[in-house]
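A note on names: the letters A, B, ... follow the listed sequences, proteins ahead of strands, and every chain is numbered from 1.
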Protein chains: 2
Amino acid sequence: MLPDRLQRLVHLLARLPGVGEKTALRYAMHLATEDGQLATQLGADLRDLATGIGKCTCCGNMAEIHQDRVLCDVCLDTRRDATVMCIVAKVQDLLAIENSGAMRGRYFVLGRLLSPLDGIGPQQLPLEALLGRIGADGVQELIIATPPSVDGEATALLIAREVESTGVRVSRIASGVPHGGDLEYADQITLGRAIDGRRSIDVGDS
Amino acid sequence: MLPDRLQRLVHLLARLPGVGEKTALRYAMHLATEDGQLATQLGADLRDLATGIGKCTCCGNMAEIHQDRVLCDVCLDTRRDATVMCIVAKVQDLLAIENSGAMRGRYFVLGRLLSPLDGIGPQQLPLEALLGRIGADGVQELIIATPPSVDGEATALLIAREVESTGVRVSRIASGVPHGGDLEYADQITLGRAIDGRRSIDVGDS
């Protein structure tokens, strides 16, 4: 009983990650009845998305496409320390690290993690491009910021081994009880890592 | 560190109901990196939405806009019993009732419910249009299918009072334990309604 045009919109919206038919219908109704301006703006922006946004050819971050090049703001920022490179699984992780303000170097987005069950082996990872970047940029320190999951740890280990021969210093981000977290509710693996990764407290000489 | 164009898309997507910045970013990344075809199709469909889809001038259901008229499939269906009218709060409720196949008459979508806290009083409800429809269509039975909530009940009562003078038979959909529901886990109000609304069992004469 829904008009074909609206039914098609519902089907399209249901292709967004984590969106089912009910949620898609809710979005479609909102766009059709309550916020027509949003529909028009979204329509215009989405239509030009594929031609306007692409992956940075250097690091894999999202970037505006200009006629001759696709480079992201991080790679274009000359104040960045190109000798430090942070490896992340996806662009969202890069954004999260950027928001923390703790990273002054550049990035490399893998796009995926090792996942034997999904058929993603070392051949499916952009290791060659990574080694190329390390050589071209004169990278001296590599910070592997893949998530502290089974796939993330396996990927970190693989990269550390691949890079070993280049003599680059390789580190892994710390894993432990998060800031403001409660030890009582932390899982066993997190607590184990927090203890394994303990750091000595420097009291100073005062 | 997100390109302006993508940042704007995230802001637009975050205006969808129940969508926050994180979810909007997830949608935007999916559209930008994984399903470019979806972005283009969605873009085209959304751009034409405001000019192609409108509210049925008769009942308020969603309908394709044709040059001279905006009428939904239900109102255009001549096999429908125009003397029975079902009143619903929103289009999604109409669709749910249509899917049940239990309604052979036509509809009237209120678009909102009485809600004094949100400043929605009787003046904000389309009561005049409703009375007009009842007279024009020769409606003999009115089924009020507003939700069994405080606002829904208040709205049902208001409509029943407004319509009283027309002599139309007015009923309210049943409220009780849902099909397959467990009495043990039903709330007190639902159980109270189930008992208040009990129906005698007809054993027949066999």
Practice problem: Give the member of B:Asn61, B:Asp4, B:Leu49 that has the highest number of heavy-atom pairs under 4.5 Å with chain A. | Solution: B:Leu49

Quiz item: With the threshold set at 4.0 Å, does a side-chain nitrogen-carboxylate oxygen contact exist between B:Arg5 and A:Asp45?
Solution: no

Quiz item: Can you pull out the residues in residues 110-129 of chain A with any heavy atom less than 4.5 Å from chain B?
Solution: none

Exercise. Go through the atoms of A:Glu64 and report whether side chain, backbone, both or neither lie under 4.5 Å from a heavy atom of chain B.
Key: both

Quiz item: Counting heavy atoms not belonging to A:Arg69, are there more than 12 under 6.0 Å from its CZ?
Solution: yes

Practice problem: Count the heavy-atom pairs under 4.5 Å between each of A:Ile53, A:Asn99, A:Asp73 and chain B, then report the option with the highest count. | Solution: A:Ile53

Practice problem: Identify the residues of residues 15-43 of chain B whose heavy atoms come closer than 4.5 Å to a heavy atom of chain A, ordered by number, or report 'none'. | Solution: B:Arg15, B:Leu16, B:Pro17, B:Gly18, B:Val19, B:Leu25, B:Arg26, B:Tyr27, B:Met29, B:His30, B:Leu31, B:Ala32, B:Thr33, B:Asp35, B:Gln37, B:Leu38, B:Ala39, B:Thr40, B:Gln41, B:Leu42, B:Gly43

